[in-house]
Amino acid sequence: MFFISGALYYTANGDSFRYIVTAALPYVNNVPHLGHLISTLLPADVYSRFLKLQGNEVVYICGTDEYGTTTEIAALKQGITPKELTDKYYAIDREAFDRMDCKPDIFSRTSDPAHTRLVQSFYESVKKNGYSYKKNIEQLYCDRDQRFLPDRFVEGTCPHCGFEQAKGDQCESCGKVLRPTELIKPRCTICGTTPHVRKEEHVFFALSKLQDKLYKFVGAQTHWFPSSRNFALSWIKEGLEDIDIQRDIKWGVPIPEAGSTGVFYSWFDAPLGYVTFTEQLGKGSWWHDSKTRLVHFIGKDNIAFHTMFFPGMLIAAGDNYVLPWMVASYEFLNWEGGEKFSKSRGVGLTVPDANQLYPADYWRYYLLSILTEKKDANFSWEDFQAKINTELNDTLGNFLQRTLVFTQNSFGGKVPTPGELTAADKSALLAIDTAFEKVSKHLGDIELKSALEEVMGLARTGNQYLQAEAPWKNKERSNTIIYVSLNVASALSVLLAPFLPSTSEKMRGYLGAKPVRDWEDAKERVKAGRAIGKPEPLFKKIEAKEIAEYRKKYAGVPEAKAEKKKPEKK
RNA sequence: AGCGAGGUGGGGUAGUCUGGAGUGCCCGUCGGGCUCAUAACCCGAAGAUCGGAGGUUCAAAUCCUCCCCUCGCUACCA
């Protein structure tokens with residue numbers, strides 16, 4: 001017997017679960033932007049902080065996805081090696097996420113030798129179980145660059161409509177899907193010369209053989225977000241195709257086959273990073289433990305890989321790998337009025353830039369409050385300003401402030417001893433327990449936005465209570481009223497911990513309490529007589545002129561400007 | 001083209017699976033109150049033919065059919 005939602009999680013035999021929480025590995029060919037944060041590291045961070053506070057065994061896994069054609073080409077264009085490129089962005093990513101207080105237990109790299117070993121031995125298992133085979137394929141090869149060209153690096157004339165700038169995967173003029181070998185007069189987009197067709201034996205992953213197993217698996221996951229589940233089911237129903245898992249480039253995990261010079265397709269090696277990194281933490285056995293709950297946080301573009309491809313790989317390898325218990329996929333964040341964030345076009349705000357502008361908790365609060373698994377969210381400076389000012393600052397910050405200042409002025413900075421509790425006092429204290437239950441349930445169900453709204457609801461209850469009881473008027477009851485208010489504030493400091501860790505810590509400091517260690521602390525009463533610190537406002541309002549300036553500054557970077565900016569970073 | 005997801009007062013969002021008065025939440029607007037607090041806080045009000053058209057039903061935001069619009073995916077954008 002176990003509860004799907006709520007604070008307690010037990011397996012059938014009464015043991016508690018272990019959690020492997022993963023955030024999609026950021027691809028290191030550019031600086032991460034707020035869109036990456038909102039759908040991966042941030043929700044994974046909140047969820048894993050919550051699980052840890054509850055006392056669960058949890059590892060939160062992340063790192064950079066470094067291999068692949070895109071990185072190799074990006075490095076080529078910048079005139080540096082892939083290693084130099086990924087070193088640079090690994091450092092940027094790591095610092096940027098760290099400053100956002102997103103703290104995975106490990107933030108490793110797929111270029112780590114440990115990962116190469118793991119991927120190769122994983123492949124051996126897949127092969128041994130009959131889920132890989134070799135097949136001849138035709139590809140375009142550029143003699144001048146001495147490389148096989150990925151679809152996107154070939155342009156030519158569309159065989160359907162005659163459009164001369166058709167890309168290797170699709171014609172932008174008539175919309176037809178193409179293969180690079182179909183193009184008339186193909187050219188290499190790197191050097192402009194004409195590539196020619198070469199035959200090559202490639203390694204394939206027999207995903208089609210797993211069709212039935214995957215359909216059954218996904219079908220059983222009724223607790224997944226409908227967006228992920230329906231998407232996967234409809235895709236599997238259409239029929240899964242085997243996947244070419246070989247790429248003829250150098251930057252990747254070498255395929256351990258005699259005579260092969262290829263590397264693994266980056267989507268074959270990247271998700272295995274979760275496994276490698278867990279092993280690096282010394283918790284590799286968790287991947288083969290039925291008590292483990294594997295929880296993935298991803299953007300919606302990754303649904304296919306995390307619901308079908310990766311589970312398929314895990315099944316194919318055998319060895320009792322756990323399959324995902326939850327795939328939490330989030331929609332995209334659009335930039336001011338619907339434009340897409342884009343690494344390559346430099347549209348939107350990067351995480352390092354955001355770190356320069358406001359404290360981490362401002363971003364964490366705002367992003368979590370607009371996070372959705374149903375439809376794309378929209379970043380707007382006005383909305384950001386409004387949420388920070390009216391919710392964080394006015395509702396939460398001011399509630400704490402008025403309570404603490406009253407304590408200072410009327411009770412010498414000590415928690416007053418309460419008198420007899422009235423119905424209003426009791427109901428305010430009861431609101432703490434109610435909020436605790438609701439926030440716990442929402443967090444357990446990975447409904448982060450609802451959970452955060454519930455926390456803010458408690459802050460509102462606090463304000464309502466203070467307003468109704470008016471300790472500044474009812475002097476004879478003010479000790480009790482402030483005692484109750486301080487308890488609400490204390491509960492808030494706990495409930496906020498997964499969402500706004502540094503705000504929580506600050507609040508605890510003002511309340512004379514230690515940083516939160518246990519989720520149940522939310523229900524603990526503050527002791528009368530405890531000394532309260534001198535309060536400072538928790539937040540500062542954002543001025544209209546600030547956002548006016550930032551809007552201008554970050555209003556999508558034109559192509560030319562983006563190109564110009566790059567060299568100075570070298 | 002196919003597939004998936006959305007369309008709910010001025011903006012945002014929940015409710016839709018499992019039908020039961022247009023119910024909730026945040027912001028904005030208008031009116032009032034309070035003066036402990038960060039020009040903050042609290043209370044009240046106005047404001048919606050729930051994208052459109054049919055259908056099922058005693059009853060539809062919710063179920064069925066068709067249509068319109070937005071976004072995404074179709075295997076290298078979180």
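To find a chain, count down the sequence lines: A is the first, B the second, and so on, and within it residues start at 1.
- Residue A:Ile243 is classed as a base contact, given a heavy-atom separation below 4.0 Å to a base.
- If you find the closest nucleotide of RNA chain B to A:Asn409 and to A:Glu331, the one lying nearer the 5' end belongs to A:Asn409.
- As judged by a 4.0 angstrom heavy-atom cut-off over every strand, A:Glu391 is placed among residues touching the sugar-phosphate backbone only.
- Residue-level contact check: A:Phe406 touches the backbone only, with heavy atoms under 4.0 Å from sugar-phosphate atoms and none from bases.
- The CD1 atom of A:Ile532 sits 16 Å away from the C1' atom of B:C36 (whole-angstrom rounding).
- For the residue pair A:Tyr358 and A:Glu546, a side-chain donor N or O sits within less than 3.5 Å of a side-chain acceptor on the partner.
- Atom P of nucleotide B:C71 and atom CZ of A:Phe379 are separated by 21 Å, given to the nearest angstrom.
- You'll find that the side chain of A:Asn393 is closest to B:U38, out of B:C41, B:U38, B:A78.
- Backbone-only engagement by A:Arg460 is indicated by non-hydrogen atom pairs under 4.0 Å involving sugar-phosphate atoms exclusively.
- Stacking of the aromatic ring of A:Trp472 onto the base of B:C36 is found: the ring centres lie under 5.5 Å apart and the planes are inclined by under 30°.
- OP1 and OP2 of B:C25 both lie 4.0 Å or more from every side-chain N or O belonging to A:Lys449.
- Nucleic acid contact class of A:Phe305 (heavy atoms, under 4.0 Å, all strands): sugar-phosphate only.
- Straight-line distance from the CG atom of A:Asp376 to the C1' atom of B:C73: 12 Å, rounded to whole Å.
- Among the heavy atoms of the strands lying under 4.0 Å from A:Leu333 is at least one base atom, whether or not backbone atoms are also near.
- Residues A:Tyr47 and A:Phe297 place their aromatic rings such that the two centres sit under 6.0 Å apart.
- Judged by atom type and distance alone, A:Thr40 does not reach the base of B:A78 through any side-chain donor-acceptor pair under 3.5 Å.
- Looking at the side chain of A:Lys300, the nearest of the listed nucleotides B:A78, B:A75, B:C71 is B:C71.
- Side-chain contact between A:Glu66 and A:Leu25: absent, with no pair of heavy atoms (C-beta onward) separated by less than 4.5 Å.
- Taking atom CG of residue A:Leu452 and atom P of nucleotide B:A14, one finds them 14 Å apart after rounding to whole Å.
- Using a 4.0 Å heavy-atom cutoff across all strands shown, A:Leu41 reaches no nucleic acid atom at all.
- Under the 6.0 Å cut-off for aromatic ring centres, A:His296 and A:Tyr274 qualify, their centroids lying closer than that.
- Residue contacts for A:Gly68: at a heavy-atom cut-off of 4.0 Å it reaches no nucleic acid atom on any strand shown.
- Between A:Trp267 and A:Phe310, the distance from one ring center to the other does not fall under 6.0 angstrom.
- The CG-C1' distance, from A:Leu233 to B:C17, rounds to 15 Å in whole Å.
- Backbone-only contact: A:Lys473 has heavy atoms under 4.0 Å from sugar-phosphate atoms and none from a base.
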Show your working on ring pair (Phe, Tyr, Trp, His ring centres under 6.0 Å) between A:Phe277 and A:Phe107 and close with a plain yes or no. CA-CA 8 Å; A:Phe277 305 161; A:Phe107 191 83; 8.3 Å; no
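- Within 3.5 Å, no donor on the side chain of A:Gln467 pairs with an acceptor on the base of B:C42, nor the reverse.
- Between A:Gln401 and B:A40 there is no side-chain polar atom (N or O) within less than 4.0 angstrom of OP1 or OP2.
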